[in-house]
Participant: 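Please find one structure pasted underneath; my questions will follow.
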There are 2 protein chains.
Amino acid sequence: MAQEFSLGTVEVALSPIERFEEFLQSRGKRITVQRRIIVQQVARRHEHFDADQLLADLAKTPDHRKVSRPTVYRTLAEMTEAGLLRKMDLSGRAVYEHDYGYPQHDHLYCQQCHKLIEFSSDDLLKLIDAVSREHQFRVLGHRFIITGQCADCRRSRQANRRLELV
Amino acid sequence: MAQEFSLGTVEVALSPIERFEEFLQSRGKRITVQRRIIVQQVARRHEHFDADQLLADLAKTPDHRKVSRPTVYRTLAEMTEAGLLRKMDLSGRAVYEHDYGYPQHDHLYCQQCHKLIEFSSDDLLKLIDAVSREHQFRVLGHRFIITGQCADCRRSRQANRRLELV
DNA sequence: ATTTATGCAAATCCTTTGCAAATCT
DNA sequence: AGATTTGCAAAGGATTTGCATAAAT
């Protein structure tokens with residue numbers, strides 16, 4: 001009944017929720033009400049989020065059955081392990097985004113309005129490949145963020161040149 | 001006497017210490033014993049370090065004149081602002097490296113032994129330029145870290161394939 | 001003489017943990 | 001039943017802050 005499961009062999013045929021349940025089973029973990037609520041809420045969100053935002057979303061939910069903060073953190077970690085989410089550090093706090101069935105991409109991060117803009121680049125992948133081959137490094141992932149000022153903020157601050165002092 | 005100073009106009013003619021003093025003056029900040037001790041200690045180190053390591057180094061120093069932890073944090077922030085150091089987040093803690101007079105570079109990060117390997121790539125700079133131009137984004141910096149397993153760790157763990165579960 | 005810096009202790013922020021009670025299989 | 005999960009409260013670790021005192025200009 002508990003079908004053999006290993007990371008990397010599953011094709012994108014399962015929904016995120018199914019995928020998560022497979023993951024749980026393969027680890028002898030249980031499918032609980034809270035885990036279900038959390039995965040569903042995460043699936044509803046298509047942008048980036050952190051633990052607090054998720055908690056806030058959950059508070060608004062008809063599922064008035066509460067999910068505690070520790071459980072959110074625990075489940076987020078499991079979802080990351082399951083390959084559903086990608087975790088990144090943005091100035092001290094953990095930010096998550098979907099990483100299952102979503103095309104690989106990286107980010108432009110506006111230091112002013114804190115917006116994250118996605119982009120993807122095949123050249124980057126080639127570069128990663130070349131560099132790591134050269135160092136005999138086994139790549140398991142990467143973090144690439146270009147920081148600066150987004151187009152919107154550039155426009156609204158044209159007279160105000162002191163960004164670099166902020 | 002207090003010569004006009006602005007980021008970006010100073011060529012690499014000043015030593016890191018001089019550069020920092022210029023920065024302090026330009027901001028109406030003072031050149032104190034502690035700041036001098038810290039910059040000198042940082043200049044002695046050519047690898048990456050975090051606040052704790054720096055504090056530990058200082059403890060061993062003949063400058064038995066102590067520098068407190070808050071002052072180290074405060075000065076590290078100033079040095080980053082002054083463009084002497086580059087700050088990055090490695091799993092929750094801030095790690096610093098030289099960023100003045102050093103060639104631009106990025107890192108391979110071994111998740112197993114926590115080693116940082118530097119590399120530099122012109123192609124990456126071109127890529128950053130192309131991507132940000134496309135999004136009308138004003139680049140102020142970037143963070144690029146390729147994570148995985150370094151050559152040494154690959155060798156010593158050949159029989160042990162469970163890295164991805166760690 | 002002013003004003004900025006320092007050190008101390010305590011506070012913050014985000015995240016994690018110990019443990020008894022509740023919940024899954 | 002037997003094991004895993006949950007929620008609570010409290011702990012944790014890194015970094016920051018309030019404030020009285022010390023030091024720099």
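As the structure is a computational prediction, the values presented were derived from the model and not from experiment. Chain letters run A, B, ... following the sequence lines, proteins first and then strands; every chain starts at 1.
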Participant: Counting any heavy atom closer than 4.0 Å, what does A:Arg74 reach on the DNA or RNA strands: base, sugar-phosphate only, or nothing?
Facilitator: base
Participant: Expressed in angstrom and rounded to an integer, what is the separation of B:Leu90 atom CG from D:dT15 atom C1'?
Facilitator: 17 Å
Participant: Could you give the side-chain donor-acceptor pairs of residues 119-130 of chain B under 3.5 Å, partners two or more places apart or in another chain?
Facilitator:
residue: B:Ser121; atom: OG; partner: B:Asp123; partner atom: N; Å: 3.3
residue: B:Ser121; atom: OG; partner: B:Leu124; partner atom: N; Å: 3.0
residue: B:Asp129; atom: OD2; partner: B:Arg133; partner atom: NH2; Å: 2.4

Participant: In whole Å, I'd like the distance from the CZ atom of B:Arg35 to the P atom of D:dA24.
Facilitator: 11 Å
Participant: To the nearest angstrom, how far is A:Lys29 atom NZ from D:dT6 atom C1'?
Facilitator: 13 Å
Participant: Hey, are the side chains of A:Leu90 and A:Asp50 touching, using non-hydrogen atoms and a 4.5 Å cut-off?
Facilitator: no
Participant: Expressed as a whole number of angstroms, how long is the span from B:Gln53:CD to D:dG13:P?
Facilitator: 17 Å
Participant: Quick check: on DNA chain D, is the nucleotide nearest A:Pro70 upstream (toward 5') of the one nearest B:Lys87, or the reverse? Name the residue that is more 5'.
Facilitator: A:Pro70
Participant: Starting at CD of B:Glu78 and ending at C1' of D:dT15, how long is that distance when rounded to a whole Å?
Facilitator: 15 Å
Participant: Please confirm whether the backbone N or O of B:Leu54 pairs with a side-chain atom of B:Arg45, one donor and one acceptor, at under 3.5 Å?
Facilitator: no
Participant: Tell me what A:Arg30 touches on the nucleic acid: a base, only sugar-phosphate, or nothing, going by heavy atoms under 4.0 Å.
Facilitator: base
Participant: Does any non-hydrogen side-chain atom of A:Asp52 lie less than 4.5 Å from one of A:Arg69?
Facilitator: yes
Participant: Going by the side chain to side chain contact (heavy atoms under 4.5 Å, CB included) test, name the single residue among B:Thr75, B:Leu76, B:Thr80 that passes it with B:Glu78.
Facilitator: B:Thr75
Participant: Let me know the distance between CD1 of A:Ile38 and C1' of D:dT6, rounded to the nearest Å.
Facilitator: 11 Å
Participant: Roughly how many Å is it from CZ in B:Arg69 to C1' in D:dG13, rounded to a whole number?
Facilitator: 10 Å
Participant: Can you work out whether B:Asp89 or A:Gly28 has the more 5'-proximal nearest nucleotide on DNA chain D?
Facilitator: A:Gly28
Participant: Below 30° counts as parallel, above 60° as perpendicular, anything between as tilted: where do the rings of B:Phe144 and A:Phe144 land?
Facilitator: tilted
Participant: Could you say whether B:Thr71 or A:Gln34 is positioned toward the 5' end of DNA chain C, judged by the nucleotide with the nearest heavy atom to each?
Facilitator: B:Thr71
Participant: For A:Ile37 and D:dT5, what is the distance between atoms CD1 and P respectively, to the nearest whole Å?
Facilitator: 16 Å
Participant: Establish, with yes or no, whether the OP1 or OP2 oxygen of D:dT15 is under 4.0 angstrom from a side-chain nitrogen or oxygen of B:Tyr73.
Facilitator: yes
Participant: Considering only heavy atoms of chain B and a distance under 4.0 Å, specify the first and last nucleotide of DNA chain C in 5' to 3' order that meet this criterion.
Facilitator: C:dT3 to C:dA9
Participant: Distance check: side-chain N/O of A:Thr32 vs OP1/OP2 of D:dT6, anything under 4.0 Å?
Facilitator: yes
Participant: Has B:Thr147 got a side-chain atom pairing as donor or acceptor with A:Leu140's backbone, closer than 3.5 angstrom?
Facilitator: no
